[in-house]
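Right, one structure below, let's go through it.
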Amino acid sequence: MSRAGSALDRRRFLALTASLGAAAVAPGCLGTPASARGFSTSELRDLDGVAMAERVRAGDLAPRTLVAHARDAIEALDPALNAVVTKFYDHAFALAERVDRSRPFAGVPYLIKDLSEYAGFRTTFGSRMNANHVSTRTTPIVEAAVDAGLVPLGKTNTPESGQLPTTEPLAYGATRNPWNPAYSAGGSSGGSGAAVAAGMVPLASSSDGGGSIRIPACNCGVFGLKASRGRNIGSNAAPLWFSVKGVISRSVRDTARFLQSTERTDAAAPLPPVGFVAGPGTRRLKIGLIEAGVGRLAPTDEVRDAVLQAAALCRSLGHDVRETDFPESVHAMGDAMMNATAQQIAAMADGVEARLGRAVDEREFEPWTLQILAHARKIDAPTRAASIAHLERLTRDTHALFDRFDLLLMPVLATRAVKIGHLSPKAEFGFEEMLRRNQNYVAYTTVFNISGDPAMSVPLSWTEDGIPIGSQFAARTGDEATLLAMAYEIEQARPWRDRHPPTSIWRG
């Protein structure tokens, strides 16, 4: 869409929502929501999810008003961003009518990443093959989110099977960065990152198997925490299980409240509960500063400057920041993670082939997925075993870093957000070049998926031309509390809530 078209949509959005403070929204939305007592449009836009729920509990805002506000934002902004691939507004309004107002996120609008299932609605997993797949189950963490009062309005765009750090599925098109549409919003939670940054919803479902929460948070200038392996309801605590689920949000406390609402607290939980982390801590921390990425890859100058600025901020707050490095096993990781995870694609393809009675091809999967599949089928048992052994050694070595440091600080990515097409799933330049481009971009996040440690992207820097660059902090397994306390401290010292992208509800 042209910039003129985007501006027109934003004007339409402002017009549609101008009446919120006067107790109504545009006609034709399943009735008229209850009033937003004393709230102007701008005040409503600036509320995070926790604040929205507080106003609902106080009787100042009706859940239907919040749903209508989110719906209008999606309709106005999504043509420019392509963040939302499935919409179910009628369901959201119906759910808002019966939401339990005592819940922590009572009536708060929410979007679900299209790798998570929601019973009765389409889940595509970013693939043409699943264009008509309707879920019969709900992913446990999504069920917990709805139980916490969140109201889903739709599903967000994701690359096929979450395989790329950009969101450009051939089935549904690229999600564009609200700071500059020429750039990627990141992946694989790119639709969620763009939707939150643009203000469609205050928080959105995400998952992270190699950086897929932190990368979109970095690219879109919002906050993203990857929890410890085994932390959340329905998560897998098995060693070398890489993916965890969570949210991307604009405020630290929304993520902290979501973590409390979705963490395991049963007797068999592998980690002690975190509970709700409400604000900054008082303990001054030892922080290890890492500049070089996997394989000793150097970040670009603007990324290096951003992480050094983050280190200077931490020092100004009284923390002890010292230079360190990844262990040698991290630098020597090479293709070990690819070799260990490619089997998941092979297993998925085997199931599809058994159902079809033929080999899969581009009728089912994108070229990049097929290239990974071809690679997976060349990996012999000794190579696979050696890769797993290397990742186990890497995990032990990474855990040992936290014997010397409370937190680690480093970039999220080696470069700013890449432009649309740089990592296209068409992979027209071949498997090896595509792999090289991935590894030269995602050089800091995957290590913590392997080790299972929690890590977060905090929006601290912007390039001269306005592209966000996040800084990544990591902690030992189970210590999300220290990460969140640090995030609160940074949020207070260098607030990002007033920085909004050109394509957003804040820009007229």
Side-chain angles (χ1 to χ4, degrees), residues 208 210-211 214-215 217-218 224-229 281 283-334 336-337 390-415 439-461 469-487 489-490 493-494:
D208 192 316
R214 292 159 287 162
I215 294 167
C218 170
L225 170 72
K226 179 198 83 71
S228 300
R229 179 163 44 235
R283 183 167 64 104
R284 298 300 86 185
L285 305 173
K286 291 183 178 179
I287 301 174
L289 172 63
I290 295 174
E291 286 190 30
V294 173
R296 304 197 182 281
L297 180 71
T300 61
D301 288 346
E302 59 188 0
V303 169
R304 181 177 182 272
D305 289 347
V307 79
L308 292 180
Q309 290 169 16
L313 175 62
C314 291
R315 289 190 179 103
S316 75
L317 295 171
H319 300 287
D320 181 8
V321 182
R322 303 181 185 185
E323 293 183 5
T324 189
D325 192 10
F326 279 132
E328 184 57 34
S329 56
V330 173
H331 289 302
M333 179 173 28
M337 186 172 179
H390 187 97
L391 298 183
E392 289 172 339
R393 182 167 66 256
L394 180 156
T395 297
R396 293 191 297 271
D397 293 346
T398 302
H399 287 172
L401 275 175
F402 295 110
D403 294 335
R404 295 188 287 127
F405 298 104
D406 300 304
L407 296 178
L408 299 175
L409 166 62
M410 71 208 73
V412 179
L413 296 161
T415 76
Q439 291 174 342
N440 287 349
Y441 184 48
V442 184
Y444 298 90
T445 56
T446 57
V447 56
F448 302 111
N449 295 89
I450 296 166
S451 68
D453 300 316
M456 64 184 183
S457 176
V458 184
L460 279 175
S461 304
I469 296 179
S471 293
Q472 181 177 208
F473 293 81
R476 71 177 69 245
T477 296
D479 197 13
E480 287 91 341
T482 298
L483 280 178
L484 287 167
M486 172 59 78
E489 189 172 359
I490 292 171
R494 191 174 293 173

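Each residue takes its place number in the sequence, starting with 1. The shown structure was predicted, so the numbers you read here are calculated from the model rather than taken from an experiment.
- Remark: Asn449 CG to Asp208 CG distance equals 4.5 Å, nearest 0.5 Å.
- Nearest heavy atom pair, residue Ala310 against residue Leu460, reads CB-CD1, 3.7 Å.
- Residues passing the side chain to side chain contact (heavy atoms under 4.5 Å, CB included) test with Ser461, sequence neighbours excluded: Ala306, Gln309, Ile469.
- For Asp305, the salt bridge (charged side-chain N to carboxylate O under 4.0 Å, His left out) criterion is met by no residue, not counting sequence neighbours.
- Among the candidates Asp453, Leu401, Val447, the single residue satisfying the side chain to side chain contact (heavy atoms under 4.5 Å, CB included) test with Leu408 is Leu401.
- A donor-acceptor pair under 3.5 Å is formed between the side chain of Thr445 and the backbone N or O of Gly210.
- The heavy-atom pair separating Ala455 from Leu483 by the smallest distance is N-CD1, 3.8 Å.
- Applying the side chain to side chain contact (heavy atoms under 4.5 Å, CB included) criterion to Glu489, with sequence neighbours excluded, gives Pro280, Arg284, Leu317, His319, Met486.
- Closest approach of Val412 to Ser457, counting heavy atoms only: CG2-OG, 3.5 Å.
- Looking only at distances, a side-chain donor or acceptor of Gln472 sits under 3.5 Å from a matching main-chain atom of Pro411.
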Between Val330 and Asp397, does the side chain to side chain contact (heavy atoms under 4.5 Å, CB included) criterion hold? Intermediate values first, please.
CA-CA 8 Å; Val330 173; Asp397 293 346; 5.9 Å; no
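- Shown here is Asp301, whose CG atom has no more than 12 heavy atoms of other residues, nucleotides or ligands within 6.0 Å.
- Qualifying side-chain hydrogen bond (donor to acceptor under 3.5 Å, both in side chains) partners for Arg396, counting only residues two or more places apart in sequence or in other chains: none.
- For the atom pair Ile490 CD1 and Met456 CE, the distance stands at 5.5 Å (nearest 0.5 Å).
- The side chain to side chain contact (heavy atoms under 4.5 Å, CB included) test applied to Ser228 returns Arg231, Leu271, Pro454, Thr477, Glu480, not counting sequence neighbours.
- Using a 4.5 Å cut-off on side-chain heavy atoms (C-beta onward), Arg214 and Phe448 make contact.
- Using a 30° and 60° split on the angle between ring planes, Phe326 and Tyr444 fall in the tilted class, from 30° to 60°.
- The salt bridge (Lys or Arg N to Asp or Glu O under 4.0 Å) analysis of residues 289-300, with sequence neighbours excluded, yields the pairs Glu291-Arg304, Arg296-Asp325, Arg296-Glu328.
- Partners of Arg322 under the salt bridge (charged side-chain N to carboxylate O under 4.0 Å, His left out) rule, at least two apart in sequence or in another chain, are Asp320.
- With sequence neighbours left out, the side chain to side chain contact (heavy atoms under 4.5 Å, CB included) criterion links Ala311 to Leu289, Arg315, Val321, Leu409.
- With sequence neighbours excluded, the residues forming a salt bridge (charged side-chain N to carboxylate O under 4.0 Å, His left out) with Arg283 are Asp406, listed by chain and number.
- For the side-chain hydrogen bond (donor to acceptor under 3.5 Å, both in side chains) test, no residue two or more places apart in sequence or in another chain qualifies with Thr398.
- You'll find the side chain of Met333 reaches within 4.5 Å of the side chain of Ile450, heavy atoms only.
- In this structure Glu392 satisfies the salt bridge (charged side-chain N to carboxylate O under 4.0 Å, His left out) test with no other residue, sequence neighbours excluded.
- Atoms CG and SG, on Leu407 and Cys314 in that order, are 8.0 Å from each other to the nearest 0.5 Å.
- Atom OG of Ser316 sits about 7.5 Å away from atom CZ of Arg494, to the nearest 0.5 Å.
- Here the OG1-CE distance, from Thr324 to Met410, works out to 9.5 Å after rounding to the nearest 0.5 Å.
- Side chains of Val442 and Leu413 form a contact here, defined as non-hydrogen atoms less than 4.5 Å apart.
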